[in-house]
K.L.:
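Please read through the structure below; I'll follow up with questions.
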Amino acid sequence: MTLKEFLIDASWSLFLDRDGVINKRIIDGYVTRPDEFVFLPGVPRAVQILSGLFGRVFIVTNQQGIGKALMTENDLQSVHDKMIRKLENQGAQIKAVYFSPYLEQDKHITRKPNSGMALKAKEEFPELDFMKSVMVGDTENDIEFGKRLGMITVFIGHKEQFDNFEPDFIFESLLAFATNIKA
Ligand SMILES: [Mg+2]
């Protein structure tokens with residue numbers, strides 16, 4: 001099945017992971033300041049296309065740098081303010097950004113692959129239908145998160161082997177996903 005066959009329209013919702021999908025991942029580190037936040041190529045254009053197709057676009061991001069006290073929630077907020085401002089300047093609309101500040105070992109309900117951030121979105125946007133949702137991420141955690149909720153899953157990257165959770169679709173970038181779905 002191709003993505004186009006799902007007939008994605010405004011009744012659908014899109015969940016985007018942040019690091020490695022929207023901005024460059026900092027290996028073994030965290031984006032703690034706005035100047036460390038760098039969009040991956042074509043991302044503002046991709047989000048512009050996608051927010052014109054999907055009824056609502058959310059960002060769901062694990063940020064345990066807060067739990068590790070390497071950054072504060074205010075630091076994260078200023079990073080997200082910059083991200084949202086730049087996306088909106090390009091005509092891209094993000095409905096909400098959800099983050100989980102907890103450490104991996106806490107296994108907190110809000111930390112992907114657990115479902116908490118999606119359940120929060122459902123509370124705030126009751127029209128949201130997980131069966132008409134797509135989750136896009138660059139780790140198996142993201143794919144597991146989407147699958148647990150019954151979403152279509154999209155992996156961004158070049159991985160050929162998945163340990164437990166096989167994504168429905170694989171693209172090399174968010175822009176490749178956006179142009180495929182729109183074409
Ligand atoms: Mg990621």
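One-based numbering along the sequence shown. Here the structure is a predicted model, which means the values were calculated and not measured. All ligand and atom numbering here is 1-based and tracks the order in the structure.
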K.L.:
Where do S133 and L128 come nearest, in terms of heavy atoms and distance?
P.N.:
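Result for this residue pair: OG-CD1, 3.7 Å.
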K.L.:
Check the orientation of F130 and F15. Use parallel for under 30°, tilted for 30 to 60°, and perpendicular for over 60°.
P.N.:
tilted
K.L.:
With respect to F99, which candidate in V60, I66, N62 satisfies the side-chain contact (heavy atoms from CB on, under 4.5 Å) definition?
P.N.:
I66
K.L.:
Does N141 offer a backbone N or O that forms a donor-acceptor pair with the side chain of E144 under 3.5 Å?
P.N.:
no
K.L.:
Can the ring centres of F58 and F125 be said to be less than 6.0 Å apart?
P.N.:
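That pair passes the under 6.0 Å test.
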K.L.:
Tell me, which protein N/O/S atoms are under 2.8 Å away from the Mg ion (ligand 1)?
P.N.:
D17 OD2, D19 O, D138 OD1
K.L.:
Ring pair (Phe, Tyr, Trp, His ring centres under 6.0 Å) between F169 and F177: does it pass, once the steps are laid out?
P.N.:
CA-CA 9 Å; F169 299 95; F177 164 64; 8.4 Å; no
